[in-house]
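The structure appears right after this line, and notes come after that.
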Amino acid sequence: MKKYLSLLMALMMLVSLAACAGGGNGSSPAGSPASPAPGGSQTAPAPAEKTEVVFWSSMSGGMGETLDGIVSDYNASQDKVHVTVEFQGNYYDMAAKLQTAVTSGDTPHIAQLEMGRTKMFADYGILQDMTDLAKAAGIDVGMFYSGLMDCCDYGEGLFALPFNRSTTMFYYNKEMFKEAELDPEDPPETWDELREYARKLSKPGERWGFEMPIDAWFYEAFIMQSDGRILNEDETDIGFNNETGTKPLALWKDMIAEGSMKAPPGKEYNSYEAARSDFAAGITGMIIVSSGDLGTLTSSCQFDFGTAFLPKNTRFGVPTGGANVVMLAGHDEDAAATMDFLKYLTSADVAGLWASKTGYVPSSEAAANSKVYQDFLAGNDRGKTALAQLKDYTDIPRPINENYPQIHAEIMMTEIQRCIEEPGYTPQQAVQAISDQTRALLAK
């Protein structure tokens, strides 16, 4: 009991820090749709004769409406289970509210949990191991893309199922490319080309060629593009305390100084919103945000834009992001009902529908091949990029370590932002600081 309480206190501290730093919801290390609007997704409670399953969601706006529609269809499809969706805010809010619910003993049955927090919450005994339950429900976990499963089943049990998952993605304004005499069907493929194109697209004081939130999720992508690892093999330190870690920061600082790159204001998901708004307004010609932003940009941009792989250094590489669906421990009597809904939610047709409506990646080959998703791709070439990246360039996994959420959200985020904001703070100093703090944390 003493050990459990100490772990719970540690979790409370970490979640509180993350919540104070948080912004919107989505697919960032956290993941990245737009910040949640007030009055998010929420369905009516169950009739008395049905088993009530409570689903805590981080989806608002159009995504919340899509999720509500899926849940309503499930409720209407059978007469034994009723799922109620309750909107809880962004991923930081969700983590904080789950911690509060655990201490009060009033947890939901299901929650959308940011992928990087799965192991941390599982290690504290907050999540239900669904290995046997999934088999009993007829869920074939082998159908999910391996690039999405590394944080769901990492050899200690099945603690999550992939749902609103994403990759980082590159967007560019084709009309602006034409104006700058760049081929609109030939986006930059390398870091050198990214800088070259950004210079050609920029107009001093008026327009920037490139914009990207200074966020640890995108920093991970640039590390992976040099074939780097986030933590070293024995997980005692970072794996990029060398040029792999310093070169991206040096590139960003140089591009910002020359006026070809804009670092959007705000922190975490607020900066995602700023980057999306600048792109839609024609203030920037190229941005890196989330594949989960495709739906938002499609509706907000009044010009033709394209999507592409993130430009590479020595290779292409992207991290996955977003959230999984998890089952909270302590709901044994409702386990069969909960799993029945999760089977529906992750089925090929429903997962394909979700991906086609939102821009998140399909969670399985079956979902990608579903009629609804194939119909979406037939009329939307932009949607093909994220799926191709997921299949081919997510082979370097993000760390599955209970301390990594803190390393990512506090240590890496703080140091890379300081490096960009303070002219005298060098990439070498930033990476060394990340290493020093990470080693100290992992040694505890």
Side-chain angles (χ1 to χ4, degrees), residues 22-38 40 58-66 89-92 164-177 187 194 198 201-202 206-219 221 252 255-256 260-311 318-319 321-323 355 357-361 380 382-383 385-386 389 413 417 420:
N25 60 300
S27 36
S28 71
S32 41
S35 298
S58 288
M59 299 289 100
S60 65
M63 294 181 186
E65 292 171 5
T66 298
N90 62 55
Y91 294 151
Y92 296 99
N164 54 303
R165 296 291 297 277
S166 57
T167 69
T168 50
M169 195 154 79
F170 187 85
Y171 300 81
Y172 65 99
N173 185 325
K174 290 188 175 184
E175 295 178 12
M176 203 177 287
F177 266 47
L194 173 66
L201 291 167
S202 297
E206 178 183 343
R207 189 172 79 191
W208 290 261
F210 177 57
E211 183 172 3
M212 182 186 70
I214 306 304
D215 185 282
W217 194 38
F218 305 120
Y219 185 47
W252 302 347
M255 291 180 68
I256 291 169
S260 65
M261 175 180 171
K262 181 181 181 184
K267 303 295 184 182
E268 285 80 39
Y269 303 124
N270 292 329
S271 64
Y272 286 57
E273 172 59 30
R276 288 192 299 266
S277 297
D278 283 347
F279 184 70
I283 295 173
T284 51
M286 304 178 292
I287 61 169
I288 293 177
V289 281
S290 166
S291 62
D293 292 317
L294 178 59
T296 300
L297 290 173
T298 299
S299 62
S300 62
C301 293
Q302 304 303 309
F303 53 82
D304 187 19
F305 69 89
T307 62
F309 292 171
L310 267 64
V318 291
K357 294 286 188 181
T358 62
Y360 285 107
V361 294
N380 193 336
R382 300 165 182 160
T385 301
Q389 282 192 143
M413 194 83 80
Q417 289 174 348
I420 297 304

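Fair warning: this is a prediction, and the values are worked out from it, not measured in the lab. Note that the numbering runs from 1 along the sequence shown for the chain.
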Test salt bridge (Lys or Arg N to Asp or Glu O under 4.0 Å) applied to K357 - qualifying residues, sequence neighbours left out:
none
Run W217 and S290 through side chain to side chain contact (heavy atoms under 4.5 Å, CB included) and show every step you take.
CA-CA 10 Å; W217 194 38; S290 166; 3.8 Å; yes
Between atom CD1 of I287 and atom CG of D278, what is the distance when rounded to the nearest 0.5 Å?
8.5 Å
Evaluate side chain to side chain contact (heavy atoms under 4.5 Å, CB included) for M261 paired with W252, printing each intermediate quantity in order.
CA-CA 7 Å; M261 175 180 171; W252 302 347; 4.1 Å; yes
Using only atom types and a distance under 3.5 Å, with no angle test, would you say the side chain of Y91 pairs donor to acceptor with the backbone of G322?
no
Test side chain to side chain contact (heavy atoms under 4.5 Å, CB included) on S291 and V361; report intermediate values, then the result.
CA-CA 7 Å; S291 62; V361 294; 4.2 Å; yes
Closest approach of M176 and T284, non-hydrogen atoms and distance?
CE-O, 3.9 Å
So which atom in F177 and which in P187 form the shortest heavy-atom distance, rounded to 0.1 Å?
CE2-CA, 4.1 Å
Rounded to the nearest 0.5 Å, how far does CG of N173 lie from CD1 of I283?
12.0 Å
Say you draw a straight line from CZ of F218 to OG1 of T168; how long is it, rounded to the nearest 0.5 Å?
6.5 Å
Side-chain heavy atoms of I256 within contact of I420, under 4.5 Å:
yes
S271 side chain vs P265 backbone, donor-acceptor pair below 3.5 Å:
no
Closest contact, heavy atoms only, Y171 versus V289:
CE1-CG2, 3.5 Å
For F170, all residues meeting ring-ring contact (aromatic ring centres under 6.0 Å, His included), sequence neighbours excluded
none
Step by step, would you call F309 with V318 a side chain to side chain contact (heavy atoms under 4.5 Å, CB included)?
CA-CA 9 Å; F309 292 171; V318 291; over 6 Å; no
Side chains of L194 and M286: closer than 4.5 Å at any heavy-atom pair?
yes
Can you see which heavy atom on R207 is nearest to which on L201, and at what distance?
NE-O, 2.7 Å
Contact summary for Q417 and I214, nearest pair of heavy atoms:
NE2-O, 3.1 Å
Separation of L294 CG from M169 CE (nearest 0.5 Å):
5.0 Å
Shortest non-hydrogen contact from E211 to P264?
OE2-CB, 3.1 Å
Quick one: pull up OH in Y219 and CE in M212 and give me the separation to the nearest 0.5 Å.
11.0 Å
Minimum side-chain heavy-atom gap F305-T298 below 4.5 Å
yes
Calculate, to the nearest 0.5 Å, the distance between atoms CD1 and CG belonging to I288 and D293 respectively.
12.5 Å
Kindly write out the residues that satisfy side chain to side chain donor-acceptor pair (under 3.5 Å) with S202, not counting sequence neighbours, or none if the list is empty.
none
Has the side chain of R165 got a donor or acceptor atom that lies under 3.5 Å from a matching backbone atom of G321?
yes
